[in-house]
Amino acid sequence: MDFSILAEAFDRMTKTSSRTELTAILVEVLKKTPKSLVSKVSYLTQGKLFPDFLGIEIGMAEKTVSKAIGKAYSFEADRIQELFRKTGDLGDVAAELSSKKSQQRLSSGKLTVESVYSTLEEIAKTSGSGSSVVRVNKLAMLLDSASSLEAKFLVRFVTGKLRLGVADFTVLDALAVTFTDDKKNRDKLENAYNLTSDLGYVADLLANKGLKAIGAVRVTASKPVRPMLAERMETAELIISQMNHEAAAEYKLDGERVQAHKVRSGEVTLFSRRLEQITDQYRDVVEGLGSLPAKEFIVEGEVVAIDWEGKYLPFQELMHRRRKYDLDAAMKNYPVVLNLFDVLLVDSHEVIEEPYEKRRAVLEKLFEGAKTKNNMMLVPAKKVKDASEIDALMEVSLASGCEGLVVKNLESSYKAGARGYAWIKYKPEYRPGVRDTIDLVVVGANHGMGRRAGVYGAFLLAAYDDEADVFRTTTKVGTGFSDADLEKISRELDAHKTKEKSPRVDAKVEAEVWFEPKVVMEIIASEITLSPIYTAGLDQIRQGAGFALRFPKFTGKIRDDKAPEDSTTVKELMEMYQKQVRQLKKEELETAES
DNA sequence: GTCCTGAAAGAAC
DNA sequence: TTCTGACAAATTCGG
DNA sequence: CCGAATTTGTCAGAAGTTCTTTCAGGAC
């Protein structure tokens with residue numbers, strides 16, 4: 001199958017945003033695709049080579065791909081980066097350079113889907129010393145024999161920014177229409193996808209074995225299930241009425257989600273949220289899990305870092321456990337607990353379809369029967385009937401170092417892969433007007449990419465140090481802006497553009513464009529963290545660390561009424577940092593819970 | 001050759 | 001993780 | 001009661017901090 005068929009279809013897709021039209025184009029392609037290639041075409045349109053859980057990555061992104069483009073079309077990498085800044089899309093840069101070069105090219109070998117896929121696979125599987133050059137060369141060769149349209153999508157694919165307006169669900173729609181002539185069958189496909197987490201597999205199964213085989217897909221221990229997700233809501237009142245005035249509220253822990261599988265041979269495997277194997281990282285929770293009284297099971301929980309007293313620690317601490325080497329030392333230095341909150345399968349009984357209350361009961365019974373409960377506990381859960389109960393529990397959860405609550409519908413089954421209102425997450429920063437906002441000065445910016453080409457996509461912000469009369473950086477922000485905001489702010493800032501970083505700005509990070517500190521933005525964030533790269537409050541809490549913001553977002557307000565010197569000061573950031581370090585002792589927690 | 005450092009990529013939230 | 005924008009589907013409104 | 005207008009829901013793609021790993025390239 002010629003790769004040009006795919007490239008042309010992709011090109012047509014980028015020109016529309018209508019989902020129905022997008023599916024129609026995909027259907028056309030799938031109809032032209034030989035059955036043996038359906039799975040590969042599915043992966044490719046998802047922007048992948050393999051399902052996530054295999055953890056095979058291309059290993060090339062912006063910088064490396066720029067080199068390959070340079071090599072293929074004889075251009076300096078710097079020049080390419082420069083074009084990239086302007087267009088916001090490396091694929092478009094490649095297409096342009098390719099068409100310039102095409103007159104000189106003697107012959108371009110025809111690319112097929114098979115050959116492209118296998119070269120990309122080789123790229124992904126290359127490793128070791130010298131591999132960078134090999135990657136660049138392989139991609140350059142592909143580009144060299146590609147048409148400009150093909151080059152565009154090869155580059156977009158490799159950088160992980162296909163930008164077709166199509167992802168998993170649209171592919172499923174298209175598969176349903178292509179092979180069953182009925183879009184309604186997408187539900188069945190979706191179910192199979194959620195249980196196998198492998199779109200290419202589902203596509204292949206449908207194309208070659210038919211809908212019956214799809215219906216036969218079951219939850220299986222050792223095969224990761226796409227995790228159920230929660231929708232967010234702003235107030236306890238909204239949540240409780242959504243839940244019909246009865247629900248279970250659980251602490252929302254600030255750690256890493258884990259899906260644990262045990263098979264009949266006794267082996268326990270841990271999967272991350274993106275379903276990669278992380279068993280080795282959390283060996284210390286495997287022992288307890290293995291002792292749960294069941295031959296096979298799938299359970300879910302959140303691993304959280306704890307201190308010597310067993311109190312929850314911030315996410316940053318847990319990050320030290322995301323490693324491959326020095327595991328024994330890490331286990332000692334950064335102990336964790338696995339907090340169980342759900343069960344999907346026990347001894348070939350699929351509890352995934354059971355309502356929450358039933359699943360919770362099964363989970364509790366499993367847990368009670370465990371021989372060793374080391375590093376393992378149940379997520380605290382409580383039935384709630386009104387908003388005040390939710391808010392009260394929220395306070396306790398925050399005081400114990402959690403992020404908030406997840407409120408769960410008592411009747412709902414486990415909806416794999418779905419974000420819906422059966423689970424609702426509730427964090428303090430969602431509540432309008434409750435969380436403190438911060439006013440920060442814009443000192444730099446980066447050019448926007450993709451749909452944000454032509455305006456700035458993110459701004460570098462600083463707090464005011466009134467003692468030194470200097471602006472010290474503390475975060476970048478790139479979310480919360482409407483298109484119009486971005487347009488307006490970008491133009492306004494252009495008036496304050498400087499050639500160099502202003503001497504009044506203290507920054508370790510680079511910005512593509514620097515500004516005179518003038519414009520003040522209102523920002524809201526979920527937390528202040530200790531940062532290795534930002535300079536606000538540097539060394540004040542810990543040597544070498546400043547303050548940064550976690551999940552910063554623009555509130556929509558430009559503070560025209562504030563001079564840059566009136567913005568939030570470094571001292572105030574420090575006070576806010578200290579205020580958030582609050583944790584109840586264990587006994588206090590228990591009394592609050594009951 | 002070996003060791004160190006820094007840039008790039010990827011994945012958790 | 002957060003956020004906005006564009007459709008599509010569902011629901012309400014007005015003649 | 002029907003078609004138009006409005007609301008709601010779903011999907012995709014912009015963007016954040018921080019941590020570890022991998023590899024290139026320089027120093028010795």
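Given the structure is predicted, the values throughout are model-derived calculations rather than measurements. In what follows, every chain begins at residue 1, and chains take the letters A, B, ... in the order their sequences are listed.
- Atom P of nucleotide D:dT20 and atom CG of A:Asn333 are separated by 12 Å, given to the nearest angstrom.
- Atom P of nucleotide D:dA12 and atom CD of A:Glu21 are separated by 16 Å, given to the nearest angstrom.
- In this structure, A:Arg135 places its CZ atom 12 Å from P of D:dT22, rounding to the nearest Å.
- Among D:dC23, B:dA9, D:dG16, the nucleotide with an atom closest to any side-chain atom of A:Thr475 is D:dG16.
- With DNA chain C read from its 5' end, the first of the two nearest nucleotides for A:Asp483 and A:Arg273 is the one closest to A:Arg273.
- Between A:Glu300 and A:Phe341, some side-chain heavy-atom pair lies under the 4.5 Å cut-off.
- Separation of the A:Tyr577 and A:Phe547 ring centroids falls under the 6.0 Å cut-off.
- Neither side chain, A:Tyr534 nor A:Asp506, offers a donor N or O lying under 3.5 Å from an acceptor on the other.
- In this structure, OH of A:Tyr334 is placed 16 Å from C1' of B:dA12, rounded to the nearest angstrom.
- Using the six-membered ring where Trp is involved, A:Tyr334 and A:His320 have ring planes that are parallel, under 30° apart on the 30 and 60° scheme.
- Picking from D:dA14, D:dT18, B:dC13 the nucleotide with the shortest atom distance to the side chain of A:Thr479 gives D:dA14.
- The gap from the P atom of C:dT2 to that of B:dA9 amounts to 26 Å, rounded to the nearest Å.
- Picking from D:dC19, D:dA24, D:dT20 the nucleotide with the shortest atom distance to the side chain of A:Arg323 gives D:dT20.
- Shown are A:Arg163, A:Arg156, A:Lys152; of these, the salt bridge (Lys or Arg N to Asp or Glu O under 4.0 Å) with A:Asp11 is made only by A:Lys152.
- Of all the heavy atoms in A:Gly165 and A:Leu22, the pair that sits closest is O-CD1, 3.4 Å.
- Going from atom NZ of A:Lys161 over to atom C1' of D:dA15 covers 10 Å, rounded to whole Å.
- Closest to the side chain of A:Pro532, out of D:dT18, D:dA15, B:dA11, is D:dT18.
- Regarding contacts with the backbone of D:dT18, a side-chain N or O of A:Thr529 is found under 4.0 angstrom from either OP1 or OP2.
- Between A:Gln316 and D:dC19, a side-chain N or O to OP1/OP2 separation shorter than 4.0 Å is present.
- As judged by a 4.0 angstrom heavy-atom cut-off over every strand, A:Leu318 is placed among residues making no nucleic acid contact.
- Out of B:dA8, D:dT17, B:dC13, the shortest distance to the side chain of A:Arg550 is found at B:dC13.
- Using a 4.0 Å heavy-atom criterion, one finds that A:Ser526 contacts no nucleic acid atom at all.
- Atom-to-atom, CZ of A:Phe551 to P of B:dA12 comes out at 14 Å; the value is rounded to the nearest Å.
- Looking at heavy-atom distances under 4.0 Å, A:Arg186 makes contact with sugar-phosphate atoms alone, never a base.
- Looking at which nucleotide of DNA chain C each of A:Arg451 and A:Lys425 is closest to, the 5′-most match is held by A:Lys425.
- Of the candidate nucleotides B:dC13, D:dA15, D:dT21, D:dT21 has the atom nearest to the side chain of A:Tyr325.
- Backbone-only engagement by A:Tyr430 is indicated by non-hydrogen atom pairs under 4.0 Å involving sugar-phosphate atoms exclusively.
- A:Lys553 has a side-chain polar atom (N or O) that falls below the 4.0 Å cut-off from OP1 or OP2 of C:dC3.
- Distance from the side chain of A:Ala548 is smallest to D:dT17 among B:dC13, D:dT20, D:dT17.
- Looking only at side-chain heavy atoms (C-beta outward), A:Leu573 and A:Ile528 come within less than 4.5 Å of each other.
- Ion pair A:Arg12/A:Glu28 flagged as a salt bridge, since at least one NZ, NE, NH1 or NH2 atom sits closer than 4.0 Å to an Asp/Glu carboxylate oxygen.
- Rounding to whole angstrom units, CD of residue A:Glu62 and P of D:dA14 are separated by 13 Å.
- If you take CG of A:Leu238 and P of D:dT8, they are 12 Å apart, rounded to a whole angstrom.
- A close approach under 4.0 Å does occur between a side-chain nitrogen or oxygen of A:Ser272 and OP1 or OP2 of B:dA12.
- Taking only side-chain atoms of A:Arg163, from C-beta outward, the nucleotide of D:dG13, C:dT2, D:dA12 with the closest atom is D:dG13.
- Phosphate proximity of D:dT22 to A:Ser132: absent, as no side-chain N or O sits under 4.0 Å from OP1 or OP2.
- As judged by a 4.0 angstrom heavy-atom cut-off over every strand, A:Leu162 is placed among residues making no nucleic acid contact.
- Distance from the side chain of A:Arg322 is smallest for B:dA12 among the nucleotides B:dC13, B:dA12, C:dA8.
- Phosphate contact (OP1/OP2 of D:dC23, side-chain N/O of A:Ser131, threshold under 4.0 Å): present.
- Proximity of A:Ser127 to the phosphate of D:dT22: no side-chain N or O atom is located under 4.0 Å from OP1 or OP2.
- Among the protein residues, A:Lys427 comes within range of the sugar-phosphate backbone only, with heavy atoms under 4.0 Å from sugar or phosphate atoms but none that close to a base.
- Counting non-hydrogen atoms under 4.0 angstrom, A:Phe169 reaches the backbone sugars and phosphates but no base.
- The shortest distance between the side-chain N/O atoms of A:Lys324 and the OP1/OP2 oxygens of D:dT22 is below 4.0 Å.
- Among the nucleotides D:dC19, B:dA9, C:dT2, the one closest to any side-chain atom of A:Met319 is D:dC19.
- Note on A:Thr64: a side-chain N or O is less than 4.0 Å away from OP1 or OP2 of B:dA9.
- Within the structure, a side-chain polar atom (N or O) of A:Arg274 is placed less than 4.0 Å from OP1 or OP2 of B:dA11.
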